[in-house]
Amino acid sequence: MKDTVKNELYRVVTDSLACAIGDGKLPQGDYPEVKIEYPRDAKFGDYSTPIALESAKVVKKSPIETGDILKSYIEKYDFVGEVEVVKPGFINIYVSHEYLSGLVKDVLYSGDKYGTRVKDNPLKFNLEFVSANPTGPMNVVSARAAALGDSIGNLLQANGDIVEREFYVNDYGNQVNLLGRSVHARISELQGRDFDFPEDGYQGEYIRDIAQWVIDNHISDIEALSDEEEKIRELAVLAVNYNVGGQKSDLQDFNVEFDRWFREKGLHENGDVMKVLNKLDEAGYIYDDNGKKVFRSTDFSDDKDRVVVRDDGRPTYLLADIAYHYDKVKRGYDRLINIWGPDHHGYIARLQGAVCALTGDDRRLRILIAQQVNLVMDGEAVKMSKRLGRFSTMRDLIDEVGVDAARYFFIMRSMDSHLDFDIELAKRHSSENPVFYLQYAHARICSIFKEAEKRNFIYEKDSYDLEYFRNEECRNLLKMIMKYPEEVLDAAENFEPHKIATYLMRIAQFFHRFYTEHRILSDDTDKSNSYLCLADATRTVLKNGLTLLGVRAPESM
RNA sequence: GCGUCUGUAGCUCAGCUGGAUAGAGCGCCGGACUACGAAUCCGUAGGUCGGGGGUUCGAAUCCCUCCAGACGCGCCA
């Protein structure tokens, strides 16, 4: 079976329905779409479908009757075990023990490929995330975006698609100029000269670090310039490179690697920004308003039209961003995915509108909003104030709680939820900390294998007897192992990595329960080997899942 | 005023393309190690799913409305 059990079951039920109709046992008609669900309770089967219930109006029989008819078709398939039709009309389906047990071998042979698939026609994704301004260190919202974006990329790749991770560097415009001025002032200060700090300049201490770095490495180049504005421009370039370098290394330390760092400046220099204006103009989406060029974004359900060129001829940020996204379009991706912070949600309509205007495809660009992060310590919110130059950076956070805990905490909640990040909890190396719970399950399995080795036990991963698996704890574990590829598929299609985190908690829980109830290493060699196989398969799934989240699976802790 | 997100157990949150008796972790209380890691496991208590309407066989889930919180509403980037 190549597809997931759930998808396979969808076909089974769909085919069964078609056959029943073909055989005249059910009437022709407009049937609802078949749904395969996970029942709340294990006593309602491994999978369940409400199709008999939902097609009551078409069939004009009681759902139980319809269910019984369908049951006779469904249970013919090999991997299907018991099929039950119960009270309101649900059809509950159990997977056969033979199939379930057979999975262990699949997992062990697939290894790190288990839960991934290969597509004949993969989609090419461009995934843009973080894209923090190059004016300083990244904050914790960027960290959340980094964790989410990277894991979504991993999920899409596991799902057989092609992903390019991209970081957009806004190295153009006012803020960069202001950065240059701020550094300029700090250099004067460090050199003991008079200086005027720019009114809205960047206050952070890191500006002094940059100034010192310039003094140590590039001061002669700067002093060689006679013009003040020219110096500031050059300092801005240096400062941007310094900051981008810092961002790059912070992200690397966070286990996040980008394929491309795209510079906004290039778009202005090579004329792409103005070219895209013409393109929009030709399509009839630009009009003139007192010398300003305005994009008719209200055609795409924006509240108001947006200025793209000021009356002095300078393009706005939006126009550059449109040019950037048009560049992505030209690079030939099937899907463009952006992850933004919550402060940009008002920007979605205009940019999506522009991409739609340029491509005629209103689904090409998908923008995901990662909600805000509140750092919590001792039950109280930790204030982050960039204005005061006193803020918790991504670097601080990683240094404080470690990569594994940080990545897990950012991912364990849905990105729509406003996350309370409990720093104390994340730091705690104990059972209260969910990331350690998962890692412990993995380490525990590794430890059992070490123990087996110590006892000179020869482990054969091929050989197990499925009779040993006929108990609740084993079957629960087997079912979770079976579901893993379905969870990956679901999480990838919906861009929801937190589902993997939730899933991993459950499988870890089932493993610990299995471990408590059943002695893995015993005098019974066959039994020991069978249980080792099951533990090994569990370990594989834990490791694969943790890897998707960018969290390590340690062999000991 | 408009928009986005959120409101589910004491806390942090799953569940939301409508399905069966509303879940998890932590916390609380009570149990379980002469054996593979007790960084674990088992059990008890704890909920008008923010309020109110509606849609239907069926609603935490969909629609309307109200309340509360966070964040946005630039010719900044």
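First the proteins, then the strands, lettered A, B, ... as listed; each starts at 1. Keep in mind that the numbers below use all heavy atoms, side chains included, and drop hydrogens, waters and symmetry copies.
Distance CG (A:Leu319) to P (B:A77): 11 Å, rounded to an integer number of Å. Atom pair A:Met415:CE and B:C13:P shows a separation of 16 Å (rounding to whole Å applied). Put simply, CZ on A:Phe167 is 18 Å from P on B:A77, counting in whole angstrom units. Atom pair A:Tyr168:OH and B:A77:C1' shows a separation of 9 Å (rounding to whole Å applied). Regarding A:Glu54, its CD atom lies at a distance of 12 Å from the P atom of B:A20, rounded to whole Å. For A:Glu33 and B:G18, the CD to P distance is 12 Å, given to the nearest whole Å. Rounding to whole angstrom units, CZ of residue A:Arg506 and P of B:G15 are separated by 11 Å. Rounded to an integer number of Å, the gap from A:Ile36 CD1 to B:U17 P is 16 Å.
Less than 4.0 Å separates RNA chain B from at least one heavy atom of each of the following residues of residues 493-501 of chain A: A:His498, A:Lys499. Taking a 4.0 Å limit (strictly below) on heavy-atom distances, residues 440-455 of chain A reaches RNA chain B at A:Tyr440, A:Ala443, A:Arg444, A:Ser447, A:Ile448, A:Glu451, A:Arg455.
Contacts of A:His518 classified as ring pair (Phe, Tyr, Trp, His ring centres under 6.0 Å), with partners at least two apart in sequence or in another chain: A:Phe514, A:Tyr531. With sequence neighbours excluded, no residue forms a side-chain hydrogen bond (donor to acceptor under 3.5 Å, both in side chains) with A:Asp311. Every residue two or more places apart in sequence or in another chain that forms a salt bridge (charged side-chain N to carboxylate O under 4.0 Å, His left out) with A:Lys328 is listed here: A:Glu128. Remark: A:Phe300 engages A:Tyr285 in a ring pair (Phe, Tyr, Trp, His ring centres under 6.0 Å) (not counting sequence neighbours). In this structure A:Glu54 satisfies the side-chain hydrogen bond (donor to acceptor under 3.5 Å, both in side chains) test together with A:Lys35, sequence neighbours excluded.
A distance of about 16 Å separates the P atoms of B:C42 and B:C33, rounded to the whole Å. Rounded to whole Å, the P atom of B:A70 lies 29 Å from the corresponding atom of B:U17. Spacing between B:G25 and B:G19 at atom C1', rounded to whole Å, works out to 26 Å. For the P atoms, the distance from B:U8 to B:G69 is 15 Å, rounded to whole Å. Remark: the separation of the P atoms in B:U4 and B:G10 is 31 Å, to the nearest Å. Taking atom C1' on both nucleotides, B:G1 is separated from B:U55 by 30 Å, rounded to a whole Å. Between B:C16 and B:A22, the two C1' atoms lie 13 Å apart (nearest whole Å). Nucleotides B:A32 and B:G47, compared at atom C1', are 29 Å apart to the nearest Å.
Position along RNA chain B of the nearest nucleotide to A:Thr49 versus A:Tyr317 favours A:Thr49 as the more 5'-ward residue. The residue among A:Ile520 and A:Pro88 whose nearest nucleotide of RNA chain B lies closer to the 5′ end is A:Pro88.
Few gaps surround CG on A:Asn278; more than 12 heavy atoms of other groups in view lie less than 6.0 Å from it.
Its glycosidic angle being more than 90° from 0, B:C71 falls on the anti side.
Contacts of A:Val309 with the nucleic acid, taken as non-hydrogen atoms under 4.0 Å apart, are absent. Among the heavy atoms of the strands lying under 4.0 Å from A:Leu53 is at least one base atom, whether or not backbone atoms are also near. Here A:Lys57 lies in heavy-atom contact (under 4.0 Å) with sugar-phosphate atoms only. Nucleic acid contact class of A:Tyr515 (heavy atoms, under 4.0 Å, all strands): base. At the heavy-atom level, A:Ser556 lies under 4.0 Å from base atoms of the strands shown. Heavy atoms of A:Asn177 sit nowhere under 4.0 angstrom from any nucleic acid atom. Residue contacts for A:Gln439: at a heavy-atom cut-off of 4.0 Å it reaches no nucleic acid atom on any strand shown.
Checking side-chain atoms of A:Ser528 against main-chain N and O of A:Ile520 turns up a donor-acceptor pair under 3.5 Å. Without hydrogens or angle criteria, A:Lys527 side chain to A:Ser522 main chain gives no donor-acceptor distance under 3.5 Å.
In summary, the side chains of A:Ser530 and A:Asp465 do not present any donor paired with an acceptor at a separation below 3.5 Å, with no hydrogens or angles considered. A donor and an acceptor atom, one from each side chain of A:Arg11 and A:Asn7, are nowhere located under 3.5 Å apart.
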Give every pair of a protein N or O atom and an N or O atom of nucleotides 70-73 of chain B that lie under 3.5 Å apart, one pair per line with the distance.
from, atom 1, to, atom 2, distance (Å)
B:A70, O2', A:Gln372, OE1, 2.2
B:A70, O2', A:Gln372, NE2, 2.9

Within the sub-3.5 Å range, which N or O atoms of nucleotides 23-29 of chain B have a protein N or O partner, and how far apart are they?
from, atom 1, to, atom 2, distance (Å)
B:A24, O3', A:Gln509, NE2, 3.4
B:G25, OP1, A:Gln509, NE2, 2.6

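Listed by first and then second residue, the side-chain hydrogen bond (donor to acceptor under 3.5 Å, both in side chains) pairs involving residues 434-446 of chain A are A:Asp404-A:Gln439, A:Tyr440-A:Arg444, A:Arg444-A:His512 (not counting sequence neighbours).
Taking the centre of each ring, A:Phe44 and A:Phe90 stay at or above the 6.0 Å mark. Checked against a 6.0 Å centroid threshold, the rings of A:Tyr317 and A:Tyr172 do not count as neighbours.
OP1 or OP2 of B:A14 has at least one side-chain nitrogen or oxygen of A:Ser414 nearer than 4.0 Å. Distances shown here put a side-chain N or O of A:Ser417 below 4.0 Å from the OP1 or OP2 atom of B:A14.
One N or O donor and one acceptor, one from the side chain of A:Ser48 and one from the base of B:A20, sit under 3.5 Å apart.
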Q | side chain to side chain contact (heavy atoms under 4.5 Å, CB included) between A:Ile322 and A:Leu351, worked out | A | CA-CA 7 Å; A:Ile322 294 171; A:Leu351 187 62; 4.1 Å; yes
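A:Lys479 forms no cation-pi arrangement with A:Tyr38, by the criterion of a distance under 6.0 Å to the ring centre and an angle within 45° of the ring axis.
Between A:Arg513 atom CZ and A:Phe510 atom CZ the span is 6.0 Å, to the nearest 0.5 Å.
Using a cutoff of 4.0 Å between basic side-chain nitrogens and carboxylate oxygens, A:Asp312 and A:Arg314 are scored as salt-bridged.
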Could you pull out all donor-acceptor pairs under 3.5 Å where a side-chain atom in residues 448-460 of chain A meets a protein atom, sequence neighbours excluded?
from, atom 1, to, atom 2, distance (Å)
A:Lys450, NZ, A:Glu555, O, 3.3
A:Glu451, OE2, A:Arg455, NE, 2.8
A:Glu451, OE2, A:Arg455, NH2, 3.2
A:Tyr459, OH, A:Asp536, OD2, 2.7

Q. So what's the dot-bracket for RNA chain B: Watson-Crick or G-U pairs under 3.5 Å, [ ] if a pair crosses, | if it pairs off-strand?
A. (((((((..((((.....[...))))..((((.......))))......(((((..]....))))))))))))....
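Look at A:Phe90 and the base of B:A20; the rings stack, centres closer than 5.5 Å and planes less than 30° apart.
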